[in-house]
Student: 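Okay, here's the structure, questions in a sec.
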Amino acid sequence: MHILILGSGGREHTFAHKIAESSQCSKLFVAPGNAGTAAIATNYDLDPTDFDAVKEMVLEHEIDMLIVGPEAPLVKGIFDFFKDDAALQHVNVIGPSKRGALLEGSKERAKEFMGLYNIPTAAFNSFTEKSLEAGKMFLEKMKAPYVLKADGLAAGKGVVILNNLEAAKEELTQMLTHQKFGAASEKVVIEEFLDGIELSVFVLTDGENYITLPTAKDYKRIGEGDTGLNTGGMGAVSPVPFADDAFMQKVEERVIKPTIKGLKEEEIAYKGFIFIGLIKIDDDPYVIEYNVRMGDPETEVVLPRIKNDLIELFSKVGQQKVNEIELELDPRAAATVMLVAGGYPENYEKGKLMKGMENVQDALVFHAGTRLENKEVLTSGGRVMAVTALDADFRKALKKAYTEVEKISFEGMNFRKDIGFDL
Ligand code: AMP
Ligand code: GLY
């Protein structure tokens, strides 16, 4: 089978690593990929949101399966683009249709969907520039902290949480009338603050059937103790120790089943991942968000725990036979630590020479922001590399990961030393 993965992060390197192991994979491409994917697949330089370029590549290399890593091409409708084109229809695209992707592409749509199918979530209201004054009044009626969310995609930066009412009103004004997040904040969702502990649940579905994949918890803030600016994710563990069977039963009944039911009722084509961001309050799950793809760095801890052949799983998705999948999990826990560039998530430098990866023995190294130049690996992004270890429990796995991290170096290298601190 000829397979193309779209994307260039640690998530995509992890997909490539699993797929390269499959006997069913005869040719593997990653577009645009990174230095890590270059070592196990063929990188292909294209922009995943340039569908004509993707089409040309897919036809030229006779691609049978397309795995879409990031949300942007999904929200732009790459699934529909393939299904509407006679020359591309046969390709098994792993990802939701454009209507499905709206669960991530519009926070308002996600909230309305949850409302329709009685999925527990924070109370909310949404506002536009025209209803700015109503928005400010709504804030006055709420209690601090105030949660403001740009409706559209904002590269993970569109959620602002403020303690002060005046600051919240000012932020709402900036979002709605000064397009703080561009078109993404033409509409803003204001919601009730949920106070609990976060975790993520991953589902693989064909739109009809589903399987629940291992849980994970990521650490989004740059600073230890969950302080400082938000990042794409600084590390993760899987499984989440507090997501016990009784809790997962509730997640299944109250969140996963009604989500699939909603997709079916609305006849939404969905052949891919649903990443459900949850907050656990007391012993109950509440949804904070849907993503329509896998998480990064959650993929780096979830996939290494799945023993099944990934191509077989994705083939079942394409055939709408996910009910036939028997998930085989590695009972060990996984932990990943993200190495980032000094200064990230603010200004940082790229092009730093990376050393020592060849000395890592007891962990998996997944490249994120890296590129090859004259056979050397250079940094090319803020999140540079994820180091994943497996062991009997997450503490042992973390210890192993941190030992291996010490073998890698580049100028300005930074990482959080307290992944899992709250567990
Ligand atoms: P999101 O981009 O929707 O993942 O939101 C970013 C982060 O904001 C989440 O990971 C939570 O930590 C936080 N967050 C979002 N919504 C809420 C809420 N209603 N209550 C508390 N925290 C929230
Ligand atoms: N780690 C969070 C995300 O992928 O959205």
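One-based numbering, in listed order, for ligands and for the atoms of each.
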Student: Is there side-chain contact between Tyr270 and Ser97, with at least one heavy-atom pair below 4.5 Å?
Tutor: no
Student: Tell me the protein heavy atom at minimum distance from atom 9 (C) of ligand 1, and give that distance in Å.
Tutor: Glu198 OE1, 3.7 Å
Student: Please state which protein non-hydrogen atom is closest to atom 20 (N) of ligand 1 and give its distance, to 0.1 Å?
Tutor: Leu194 N, 2.8 Å
Student: With a heavy-atom distance limit of 4.0 Å, tell me whether Val159 approaches ligand 1 through its side chain, its backbone, both, or neither.
Tutor: side chain
Student: Between Asn164 and Tyr146, do the side chains contain an N or O donor and an N or O acceptor separated by less than 3.5 Å?
Tutor: no
Student: Under 4.0 Å between a Lys/Arg side-chain N and an Asp/Glu carboxylate O for Arg293 and Glu12?
Tutor: no
Student: What atoms of ligand 1 come closer than 4.0 angstrom to any heavy atom of Lys220?
Tutor: 10 (O)
Student: To check your reading of the model: name the closest protein heavy atom to atom 17 (C) of ligand 1, its residue, and the distance in Å.
Tutor: Ile288 CG2, 3.4 Å
Student: Can you name the atoms of ligand 1, numbered from 1 with element, that are less than 4.0 Å from a heavy atom of Phe193?
Tutor: 20 (N), 21 (C), 22 (N)
Student: Going by atom types alone, do Lys111 and Thr121 pair a side-chain donor with an acceptor below 3.5 Å?
Tutor: yes
Student: For atom 5 (O) of ligand 2, which protein heavy atom lies nearest, and how many Å away is it?
Tutor: Arg293 NH2, 2.9 Å
Student: Can you confirm, on distance only, whether ligand 2 has an N/O atom lying under 3.5 Å from any N/O atom belonging to Asp218?
Tutor: yes
Student: Check the pair Arg109 / Glu112 against salt bridge (charged side-chain N to carboxylate O under 4.0 Å, His left out), numbers first and verdict last.
Tutor: CA-CA 5 Å; Arg109 158 66 175 154; Glu112 285 172 355; over 6 Å; no
Student: Does the plane of the ring in Tyr348 sit parallel, tilted or perpendicular to the ring in Tyr344? Use 30° and 60° as the thresholds.
Tutor: perpendicular
Student: How far apart are the closest heavy atoms of Leu423 and Pro241, and which atoms are they?
Tutor: CD1-CD, 3.9 Å
Student: Can you confirm, on distance only, whether ligand 2 has an N/O atom lying under 3.5 Å from any N/O atom belonging to Gly232?
Tutor: yes
Student: Of all the heavy atoms in Ile161, does at least one lie under 4.0 Å from an atom in ligand 1?
Tutor: yes
Student: How far is atom 19 (N) of ligand 1 from its nearest protein heavy atom, and which residue and atom is that?
Tutor: Glu191 OE2, 2.6 Å
Student: Are the side chains of Lys250 and Asp284 in contact, using a 4.5 Å heavy-atom criterion?
Tutor: yes
Student: Using the ring of each side chain (for Trp, its six-membered ring), is His17 parallel, tilted or perpendicular to Phe366, with breaks at 30° and 60°?
Tutor: perpendicular
Student: Run Phe127 and Phe138 through ring pair (Phe, Tyr, Trp, His ring centres under 6.0 Å) and show every step you take.
Tutor: CA-CA 10 Å; Phe127 301 92; Phe138 185 71; 5.5 Å; yes
Student: Any N or O on Glu298 sitting closer than 3.5 Å to an N or O of ligand 2?
Tutor: yes
Student: Under 4.0 Å from a heavy atom of Gly295: which atoms of ligand 2 are those, numbered in the order shown and with their elements?
Tutor: 4 (O)
Student: Between Glu192 and ligand 1, which residue portion shows a heavy-atom distance shorter than 4.0 Å: side chain, backbone, both, or neither?
Tutor: backbone
Student: Under 4.0 Å from a heavy atom of Lys149: give me the atoms of ligand 1 that qualify, with their elements.
Tutor: 3 (O), 15 (C), 16 (N)
Student: Identify, for atom 1 (P) of ligand 1, the protein heavy atom at the shortest distance, and state residue, atom and that distance.
Tutor: Glu289 OE1, 3.3 Å
